[in-house]
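Here the structure comes first, spelled out in structure tokens, and everything after it is commentary.
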There are 2 protein chains.
Amino acid sequence: MTVKSSLRDRRRLQTSREIQRAALTLALRHGHDSVTTEAIAAEAGISQRTFFNYYLNKDAAIIGNAPSFDDDTVARFRESSGPLLADLLQALRRLLSNSDLDRSTSQLIDRLLVRSPDLLPIFYGSLKRLRDQIADLAVMRLGEDARADAELLAEAISHALADTFRIWANDDGMSADSIVDIAAAKLQVLRGLLTPGVQPIPAASTVRPDTQAMTSTAAAPIRP
Amino acid sequence: MTVKSSLRDRRRLQTSREIQRAALTLALRHGHDSVTTEAIAAEAGISQRTFFNYYLNKDAAIIGNAPSFDDDTVARFRESSGPLLADLLQALRRLLSNSDLDRSTSQLIDRLLVRSPDLLPIFYGSLKRLRDQIADLAVMRLGEDARADAELLAEAISHALADTFRIWANDDGMSADSIVDIAAAKLQVLRGLLTPGVQPIPAASTVRPDTQAMTSTAAAPIRP
DNA sequence: GCACATGAATGCATAGTGTGCAATATTTGC
DNA sequence: GCAAATATTGCACACTATGCATTCATGTGC
């Protein structure tokens with residue numbers, strides 16, 4: 001149960017990646033709708049039946065398996081007493097450093113998302129598992145009564161993370177470590193947008209404010 | 001193009017609702033997975049082929065068609081110069097007052113979501129159209145460069161709205177007008193959770209802060 | 001009224017999805 | 001090596017979803 005077999009598991013991981021690669025290349029070449037599970041299986045060198053042993057459906061094969069928190073990370077979070085958001089982000093940092101991200105595969109995913117925007121909901125939806133885990137962590141702090149709030153927070157965090165993931169996939173100079181930081185910055189932009197009374201039309205001069213200023217950093221000043 | 005036919009359109013709307021009702025009752029009675037499109041069609045008194053003329057798939061029939069902004073509302077938003085969030089909420093208020101919500105159907109949806117939580121992603125996903133429209137409105141203010149931020153904001157707003165919608169469905173005393181207000185309050189809770197350094201461990205006494213205080217209202221005080 | 005265009009409902013055929021089951025092959029623990 | 005556990009595969013089958021042709025209802029112009 002702890003350190004399970006080896007050859008078997010390595011094989012399993014490898015074929016699951018081969019299937020994903022086959023699904024991605026075929027979808028990019030012929031369009032997502034025109035690719036059948038049979039074609040993916042053939043490309044990956046397995047039977048169609050085996051395809052469904054690895055992935056529940058075609059979309060899951062394209063997106064691949066999102067990572068999830070390990071028990072150690074959860075334990076650390078539980079014991080920490082820092083600010084909620086900071087602790088959540090720290091847990092995500094650990095998550096990302098554990099999972100070895102494959103930039104080339106991520107690039108393929110990103111390109112496919114550009115080509116077939118109908119897949120975007122599926123892409124964000126693929127983070128359901130991670131989103132639920134984040135919500136569970138938040139509930140530990142906020143209490144079960146606040147589950148709806150925790151889920152809303154988790155949704156925002158995972159969305160920001162997914163966006164940043166796509167940026168990372170296309171920026172070779174960007175380290176995986178910085179993914180969480182950029183996502184955190186995006187969340188601060190969101191916080192600014194949620195601040196009531198913001199977007200002040202400057203009394204001074206031009207009507208159109210510098211849009212960059214809205215997005216580049218956290219929030220406009222708050223009127224108490 | 002303005003006030004189109006009548007008998008035809010009323011019929012169309014009616015059968016589309018009959019189909020939804022059939023889908024919901026059958027799913028609640030026998031479980032979502034056990035219900036076939038053929039059974040839904042039979043229950044609604046139409047052929048299976050006609051079912052697919054009304055809804056793209058089984059899930060769409062269950063959730064029904066989400067409302068979307070009319071041109072007038074969009075125009076008003078464009079001309080307004082208030083704070084972004086306030087204007088978006090105002091547009092949503094108009095949206096909800098135009099669309100006649102059916103509480104009994106909403107109740108069925110909510111009960112089904114409790115019984116089959118696997119439908120939750122589909123439920124939130126069904127707001128894609130509305131979410132995209134909200135994002136488009138936000139982009140008008142923030143500029144095309146900030147589309148990602150606008151979409152993140154739109155996601156949060158539509159999520160909060162969907163949650164509130166479920167509350168409204170189960171609270172006969174709650175008016176449809178207040179949906180947007182409650183959702184706005186939820187967004188302020190989110191803003192509080194996104195505020196860095198929050199969840200202050202009170203220097204005074206016990207380690208465990210009152211969790212209610214975190215969720216009941218907007219945000220903890222901010223340290224500038 | 002009547003003829004015609006338009007849109008809706010249906011049956012049929014068909015491609016593709018996804019699952020259960022049983023047979024077979026492979027890996028692992030011993 | 002050998003037996004147990006696990007993976008792969010083929011096959012059958014139920015269901016989803018779409019295209020196409022036909023029939024029927026509805027709305028429109030004259």
Side-chain angles (χ1 to χ4, degrees), chain A residues 1-24 26-27 29-65 116 118-119 121-122 125-126, chain B residues 1-24 26-27 29-65 116 118-119 121-122 125-126:
Chain A
M1 199 54 98
T2 49
V3 180
K4 273 177 58 179
S5 44
S6 184
L7 202 163
R8 230 167 215 179
D9 281 4
R10 261 180 295 137
R11 269 230 156 104
R12 184 155 192 90
L13 185 63
Q14 189 185 339
T15 46
S16 93
R17 287 195 174 149
E18 266 171 31
I19 295 174
Q20 186 186 12
R21 212 150 241 290
L24 279 169
L26 288 182
R29 182 150 52 215
H30 302 116
H32 170 255
D33 287 341
S34 313
V35 178
T36 68
T37 58
E38 210 169 354
I40 296 173
E43 175 83 13
I46 56 169
S47 75
Q48 191 203 30
R49 193 61 189 80
T50 301
F51 171 90
F52 284 109
N53 286 344
Y54 277 85
Y55 294 102
L56 286 177
N57 50 54
K58 195 169 66 171
D59 297 331
I62 286 178
I63 304 294
N65 297 316
S116 311
D118 15 327
L119 290 178
I122 291 158
S126 73
Chain B
M1 196 56 95
T2 47
V3 180
K4 273 176 58 177
S5 43
S6 184
L7 203 165
R8 240 175 205 176
D9 281 3
R10 264 181 292 137
R11 272 231 157 110
R12 185 157 192 90
L13 184 63
Q14 189 185 338
T15 46
S16 93
R17 288 196 172 149
E18 266 171 31
I19 294 174
Q20 186 187 14
R21 211 150 240 292
L24 280 169
L26 288 181
R29 182 151 49 214
H30 302 116
H32 170 255
D33 288 341
S34 312
V35 178
T36 69
T37 57
E38 211 170 352
I40 296 173
E43 174 82 14
I46 55 168
S47 75
Q48 191 202 30
R49 193 63 190 79
T50 301
F51 171 91
F52 284 107
N53 285 345
Y54 277 84
Y55 293 102
L56 287 176
N57 51 54
K58 194 169 65 170
D59 297 332
I62 286 178
I63 304 295
N65 297 314
S116 312
D118 15 324
L119 290 178
I122 292 158
S126 73

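Remember, predicted model here, so these are calculated numbers, not experimental data. Proteins come first, then strands; the chains are lettered A, B, ... in the order of their sequence lines, and each starts at number 1.
Listed by chain and residue number, A:Arg12, A:Thr15, A:Ser16, A:Ile19, A:Thr50 satisfy the side-chain contact (heavy atoms from CB on, under 4.5 Å) test with A:Tyr54 (two or more places apart in sequence, or in another chain). For A:Arg17, the salt bridge (charged side-chain N to carboxylate O under 4.0 Å, His left out) partners at least two apart in sequence or on another chain are A:Asp100. In this view, B:Leu119 and B:His32, B:Asp59, B:Leu112, B:Leu113, B:Ser116, B:Ile122 satisfy the side-chain contact (heavy atoms from CB on, under 4.5 Å) rule, not counting sequence neighbours.
At least one donor-acceptor pair closer than 3.5 Å links the side chain of B:Gln20 to the backbone N or O of B:Ile63.
Applying the 4.0 Å criterion to OP1 and OP2 of D:dA7, one finds that A:Arg11 has every side-chain N and O outside that range.
Residue B:Asp118 holds its CG atom at 6.5 Å from CG of B:Asp33, rounded to the nearest 0.5 Å. The distance from atom CG of A:Asp9 to atom CD of A:Gln14, rounded to the nearest 0.5 Å, is 12.5 Å. Taking CZ of A:Arg29 as the reference point, atom CG of A:Leu24 lies at 12.0 Å (rounded to 0.5 Å).
For the helix from C:dG1-D:dC30 to C:dC30-D:dG1, the end axes, each set by the C1' atoms of five terminal pairs, are bent relative to each other by 30° (nearest 10°).
Rounded to whole Å, atom P of D:dC15 lies 10 Å from atom NZ of B:Lys58. Atom CZ of B:Arg10 is separated from atom P of D:dA25 by 18 Å (rounded to the nearest Å). Across the protein-nucleic acid pair, B:Leu26 atom CG and D:dC15 atom P stand 14 Å apart, rounded to whole Å. As rounded to whole Å, 15 Å separates atom C1' of D:dA7 from atom CD of A:Gln14.
Taking 4.5 Å as the limit, every side-chain heavy atom of A:Ile62 sits out of range of all side-chain heavy atoms of A:Tyr55.
In the displayed structure, B:Gln48 atom CD is contacted under 6.0 Å by more than 12 heavy atoms of other residues, nucleotides or ligands.
Contacts between residues 47-57 of chain A and DNA chain D, defined by a heavy-atom separation under 4.0 Å, are made by A:Ser47, A:Arg49, A:Thr50, A:Asn53, A:Tyr54. A heavy atom lying under 4.0 Å from DNA chain D marks the following residues of residues 33-40 of chain B, by number: B:Val35, B:Thr36, B:Thr37.
Nearest heavy atom pair, residue A:Ile40 against residue A:Val35, reads CG1-CG1, 3.5 Å.
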